[in-house]
Amino acid sequence: MSSHGPARPMSSRKSAPLKGDALVPGDKSISHRSLILGALSVGETRISGLLEGQDVLDTGKAMQAFGAQVERLGGGEWVVNGVGVGGFAEPSGVIDCGNAGTGVRLIMGAMATSPITATFTGDASLRARPMGRITDPLKLFGAESVGREGGRLPLTLVGAKSPLPVRYATPMPSAQVKSAVLLAGLNAPGKTVVIEQEATRDHTERMLAGFGAEITTEITDEGRVITLKGQPELTGQTIAVPRDPSSAAFPVVAALLVEGSEVLVPGIGQNPTRNGLFTTLIEMGADIRFENERLEGGEPVADLRVRFGPLKGVEVPPARAPSMIDEYPILAALAATAEGPTIMRGIKEMRVKECDRIDAMARGLEANGVKIEEGEDFLIVHGARKVAGGGTCETHLDHRIAMSFMCLGMAAENPVKIDDAGPIETSFPDFIPLMERLGASFRRENA
Ligand code: S3P
């Protein structure tokens with residue numbers, strides 16, 4: 001079962017060459033942050049290009065529950081009238097963040113230093129994910145929480161009445177943990193400092209500065225030291241959300257999987273904390289041109305022109321993991337068709353995503369005749385040009401697992417089936433029609 005109705009099995013079979021333009025949706029990370037920062041600002045925030053996937057819609061509903069006005073004008077245009085830093089009202093009901101780890105974790109941070117109580121839940125995937133990594137630093141501000149074993153959802157968070165500023169070194173590379181601490185720091189007096197060893201996506205820092213906060217990042221012997229001055233007045237902004245590099249990964253890789261393809265994927269965010277997949281693809285020998293490079297809404301953006309060509313397996317440096325953490329599933333699918341092994345190490349964070357993504361990719365690839373090796377923090381895919389296919393993959397409520405196997409099927413000798421396409425709604429609602437327009441051959445199957 002998906003969280004939003006019965007399971008929707010689908011299959012993907014060998015595709016004719018993919019041709020055309022692929023307009024992928026707005027960036028999920030920036031979309032969540034636009035709604036949350038809009039809600040924490042005074043005045044109006046106008047957003048264009050918002051991802052209207054279920055994850056982001058759930059964050060919009062949550063912001064309304066905390067007292068902000070959130071209105072859809074249509075076609076990705078939204079207006080938020082915020083309550084200001086410290087202005088969140090206590091929600092009268094439970095906050096259901098659906099499948100969204102980013103939504104729930106950032107919202108917990110945003111409310112943790114206000115004198116209000118809120119209870120959070122989500123779908124079966126989100127209820128299984130660790131929340132202690134968020135509630136531990138939030139306790140340092142003076143917030144309290146009661147959750148299920150391991151701090152899992154449903155969880156009630158009691159915001160600090162007299163918050164203290166915090167200095168916190170993140171124990172794992174996580175933009176969600178960093179962002180939760182920074183958002184909590186907004187309503188604490190003095191300076192809140194987050195230190196990270198490896199650079200994770202920096203949208204929160206860029207956007208906080210854009211909304212008027214005083215925030216600096218210094219590279220020191222301790223790591224990246226991010227300092228936020230508490231209790232700023234944030235003012236509403238106009239935000240153009242760039243298209244999501246993590247969603248672009250699917251049509252880009254599909255064009256590299258299907259012989260004879262040429263696809264243009266316009267307007268894709270090229271923030272260096274997000275573009276590790278493209279670096280890896282080029283190392284594999286991919287023909288990707290970055291055209292029309294420009295700045296949009298403070299983020300670097302380019303049009304990607306991708307042409308099919310033979311690829312070789314590579315070893316991905318572990319230090320690159322934070323900048324492509326969501327892209328390992330689709331890279332693993334592509335690696336199955338490359339020549340030689342693709343070695344992905346230092347990826348244990350993949351085990352605590354929407355599902356255990358190392359396990360889901362390993363089992364799905366094996367079911368389709370691909371040889372893999374797997375360990376606690378690594379996955380090696382032995383590429384062999386031809387993929388047998390013919391297997392069914394369990395998607396475990398994980399949109400990126402579902403889309404990765406739909407792409408693999410486009411190059412496999414026999415159809416690849418997924419047990420549920422429903423989760424794709426969370427981040428890329430148009431994925432199926434968009435890929436079919438390019439030439440993909442998908443079929444709805446009986447449950
Ligand atoms: C995200 C951070 C990453 C990423 C997720 C989105 C964000 O998670 O996997 O899809 O928007 O901050 P972690 O912070 O757990 O690495």
Side-chain angles (χ1 to χ4, degrees), residues 25-37 50-51 53-56 58-59 97-110 122 125-126 128-137 151 168 170-184 194 196-208 224 226 241-242 244-250 269 271 273-277 299 318-331 346-358 360 377 397-404 423-424 426-428:
D27 190 286
K28 183 151 75 71
S29 294
I30 297 177
S31 294
H32 281 297
R33 286 159 173 81
S34 299
L35 292 172
I36 296 169
L37 289 175
L50 189 87
L51 163 64
Q54 194 55 47
D55 274 16
V56 176
D58 287 335
T59 289
C97 289
N99 191 252
T102 307
V104 77
R105 289 173 170 150
L106 269 55
I107 296 167
M108 284 202 273
S125 154
L126 194 57
R129 295 180 69 182
M131 294 298 151
R133 56 174 59 194
I134 300 296
T135 51
D136 286 352
Y168 190 69
T170 55
M172 73 290 288
S174 168
Q176 292 175 355
V177 174
K178 169 177 68 177
S179 301
V181 175
L182 290 172
L183 292 174
V194 185
E196 57 179 5
Q197 290 312 314
E198 291 159 281
T200 62
R201 65 193 67 195
D202 62 358
H203 307 301
T204 302
E205 297 92 301
R206 287 176 187 242
M207 293 178 74
L208 276 171
R224 284 165 57 87
I226 303 148
V241 180
D244 197 324
S246 299
S247 297
F250 297 101
N271 181 314
T273 60
R274 294 287 298 282
N275 67 359
L277 174 73
E299 294 273 344
R320 196 179 290 156
S323 69
M324 55 176 287
I325 192 65
D326 291 339
E327 283 67 75
Y328 283 97
I330 187 64
L331 175 64
I347 55 171
K348 88 167 179 284
E349 275 295 301
M350 272 182 77
R351 294 208 181 267
V352 289
K353 296 295 177 186
E354 283 80 334
C355 74
D356 177 341
R357 285 180 171 164
I358 296 183
D377 73 342
L397 292 179
D398 191 320
H399 52 134
R400 297 198 202 281
I401 300 298
M403 290 187 279
S404 296
I424 295 173
T426 62
S427 70
F428 199 159

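All ligand and atom numbering here is 1-based and tracks the order in the structure. Everything quoted here is computed from the prediction, not taken from an experiment.
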Asks: Taking C-beta and beyond as the side chain, do Ile347 and Met324 meet within less than 4.5 Å on heavy atoms?
Replies: no

Asks: My understanding is that only residues two or more places apart in sequence, or in another chain, count here; which of them pass side chain to side chain contact (heavy atoms under 4.5 Å, CB included) with Ser246?
Replies: Asp244, Arg274, Asp326, Glu327, Arg400

Asks: Considering only heavy atoms, does Arg201 approach ligand 1 within less than 4.0 Å through its side chain, its backbone, both, or neither?
Replies: side chain

Asks: Counting heavy atoms only, which part of Lys178 comes closer than 4.0 Å to ligand 1: side chain, backbone, both or neither?
Replies: neither

Asks: Quick one: which ligand 1 atoms are inside 4.0 Å of a heavy atom on Thr102?
Replies: 1 (C), 5 (C), 6 (C), 7 (C), 11 (O)

Asks: For ligand 1, which atoms have a heavy atom of Lys353 less than 4.0 angstrom away?
Replies: 3 (C), 4 (C), 8 (O), 9 (O), 13 (P), 15 (O), 16 (O)

Asks: For Pro242, check side chain to side chain contact (heavy atoms under 4.5 Å, CB included) against everything at least two apart and list the hits.
Replies: Ile30, Glu299, Val301

Asks: Working to the nearest 0.5 angstrom, can you tell me the gap between Lys28 NZ and Ser427 OG?
Replies: 6.0 Å

Asks: Using a strict 4.0 Å cut-off to heavy atoms of Ser174, name the atoms of ligand 1 that fall inside it.
Replies: 13 (P), 14 (O), 15 (O), 16 (O)

Asks: Within a distance under 4.0 Å of any heavy atom of Ile325, pick out the atoms of ligand 1 and give their elements.
Replies: 9 (O)

Asks: What protein heavy atom lies closest to atom 12 (O) of ligand 1? Include the residue and the distance to one decimal.
Replies: Arg33 NH2, 2.7 Å

Asks: Report yes if some N/O of Ser29 lies less than 3.5 Å from some N/O of ligand 1; otherwise report no.
Replies: yes

Asks: Within a strict 4.5 Å, meaning less than it, do heavy atoms of the Glu198 and Arg224 side chains meet?
Replies: no

Asks: Under 3.5 Å, N or O to N or O, is Gln176 touching ligand 1 that way?
Replies: yes

Asks: Without hydrogens or angle criteria, can the side chains of Ser174 and Arg105 be said to hold a donor-acceptor pair below 3.5 Å?
Replies: no

Asks: Look only at interatomic distance and state if Ala175 has a nitrogen or oxygen under 3.5 Å from any nitrogen or oxygen of ligand 1.
Replies: yes

Asks: Quick one: does His32 get a heavy atom under 4.0 Å from ligand 1?
Replies: no

Asks: Are any of the N/O atoms on Asp326, whether in the backbone or the side chain, positioned under 3.5 angstrom from an N/O atom of ligand 1?
Replies: yes

Asks: Lys178 and side chain to side chain donor-acceptor pair (under 3.5 Å): which partner among Thr200, Thr170, Asp202, Thr204?
Replies: Thr200

Asks: Which part of His203 is near ligand 1, with near meaning a heavy atom under 4.0 Å away: side chain, backbone, both or neither?
Replies: neither

Asks: Can you tell me how far the NZ atom of Lys348 sits from the CG atom of Asp377, to the nearest 0.5 Å?
Replies: 6.5 Å

Asks: Does either side chain, that of Gln54 or that of Thr426, offer a donor lying less than 3.5 Å from an acceptor on the other one?
Replies: no

